[in-house]
Amino acid sequence: NAGVTQTPKFRVLKTGQSMTLLCAQDMNHEYMYWYRQDPGMGLRLIHYSVGEGTTAKGEVPDGYNVSRLKKQNFLLGLESAAPSQTSVYFCASSYPGTAYEQYFGPGTRLTVT
Amino acid sequence: ILNVEQSPQSLHVQEGDSTNFTCSFPSSNFYALHWYRWETAKSPEALFVMTLNGDEKKKGRISATLNTKEGYSYLYIKGSQPEDSATYLCAFIFAGGYQKVTFGTGTKLQVIP
């Protein structure tokens, strides 16, 4: 039982490049989330999904897109990376039975130069 | 945007000291309040999930209380140990927006041996 996994763990991009971060969970959770963590800002919600085929904007969605084609996977895309998107990205999943307790992945450290 | 505040931002205590932190959140439309422990280079892990006014939870030397009417929760650590050094996050779940979790910016605790 791997829990929540994220791919890749580290990535360096140049401004304007695109990439996709993959989050996978094997707990059959309905809800999945993407957060970014920046110094002094805590965790900020980028996008979230309440089920397969559905996504919604969080607090800081600009510059990101997401897709949830399969229940176990939640993809975060950066179409044209900017230095302001340098951050650590965490994926999480949850279900109602534990009042939406967040189960986090290990994080992806992204640097945009 | 919901306002979830934590204080203090950081704290240095001597080994053996007891300490406590505060999480403030909106006092209306409460659904749940979570506490997470976040060690450096790791992912946040849930300590407590609290849903009822007056809830008190305990795990070893760490305990938490909840007051939903006035919108605050306290986290207590008794007899701090160096391994307690971490950032402690609280997260508020708004009734009606269950899928969205709003995090505070955390309290960074350092326990000095």
Side-chain angles (χ1 to χ4, degrees), chain A residues 2-6 9-10 23-25 27 29-52 54-62 66 68 74 87-109, chain B residues 1-10 21-25 29-53 55 57 59 64 66 68 73 86-108:
Chain A
V4 181
T5 58
Q6 292 182 232
K9 289 188 167 48
F10 303 95
C23 176
Q25 53 97 2
M27 296 175 284
H29 286 173
E30 284 296 326
Y31 306 107
M32 296 187 75
Y33 312 77
W34 276 107
Y35 296 93
R36 60 177 288 173
Q37 182 235 335
D38 302 294
M41 306 289 284
L43 286 168
R44 292 184 293 168
L45 183 64
I46 304 170
H47 286 279
Y48 64 99
S49 168
V50 303
E52 183 177 316
T54 70
T55 63
K57 294 180 181 180
E59 185 185 347
V60 288
D62 293 342
V66 287
R68 183 108 181 261
F74 195 29
S87 188
V88 180
Y89 292 85
F90 286 96
C91 175
S93 68
S94 76
Y95 74 107
T98 56
Y100 305 94
E101 173 187 345
Q102 304 282 285
Y103 294 78
F104 285 92
T108 295
R109 183 173 293 276
Chain B
I1 295 178
L2 300 171
N3 203 22
V4 179
E5 295 183 350
Q6 291 188 246
S7 62
Q9 272 192 317
S10 65
F21 331 129
T22 305
C23 173
S24 301
F25 52 85
N29 296 304
F30 175 89
Y31 183 79
L33 191 284
H34 304 163
W35 281 100
Y36 294 84
R37 174 189 157 85
W38 193 2
E39 293 181 71
T40 302
K42 293 188 177 180
S43 310
E45 290 187 352
L47 280 171
F48 303 115
V49 173
M50 309 176 82
T51 57
L52 297 174
N53 184 44
D55 254 356
K57 303 259 182 173
K59 189 179 287 189
L66 179 67
T68 62
S73 176
T87 295
Y88 292 83
L89 294 173
C90 68
F92 173 77
I93 294 82
F94 171 75
Y98 309 119
Q99 307 90 343
K100 292 169 69 172
V101 180
T102 302
F103 282 87
T105 52
T107 293
K108 186 170 184 177

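Throughout, protein chains are lettered first and strands after them, A, B, ... in sequence-line order, and every chain is numbered starting at 1.
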note = Across all chains, not counting sequence neighbours, the salt bridge (charged side-chain N to carboxylate O under 4.0 Å, His left out) partners of R68(A) are none
query = What residue in V49(B), L89(B), T51(B) has the most heavy-atom pairs under 4.5 Å with chain A?
reply = V49(B)
query = In Å and rounded to the nearest 0.5 Å, what is the CD to CG distance from E101(A) to L47(B)?
reply = 10.0 Å
query = Is Y100(A) reaching over with its side chain to a backbone N or O of A32(B), donor-acceptor style, under 3.5 angstrom?
reply = no
task = Evaluate whether atom CD of E45(B) has more than 12 neighbouring non-hydrogen atoms of other residues, nucleotides or ligands under 6.0 angstrom away.
result = no
key: Contacting region of Q37(A) [heavy-atom separation from chain B under 4.5 Å]   = side chain
Close side-chain approach of S94(A) to V101(B), heavy-atom, < 4.5 Å = no
inquiry  = With a 6.0 Å cut-off (strictly less than), is the heavy-atom count around CD of Q9(B), excluding the residue itself, greater than 12?
reply    = no
task = Please identify each residue that fulfils side-chain hydrogen bond (donor to acceptor under 3.5 Å, both in side chains) with E5(B), with sequence neighbours left out.
result = N3(B)
message = I'd like to know whether CZ of R44(A) has more than 12 heavy-atom contacts from other residues, nucleotides or ligands below 6.0 angstrom.
response = yes
message = If you define the side chain from C-beta out and look only at heavy atoms, does anything of W38(B) sit under 4.5 Å from F104(A)?
response = no
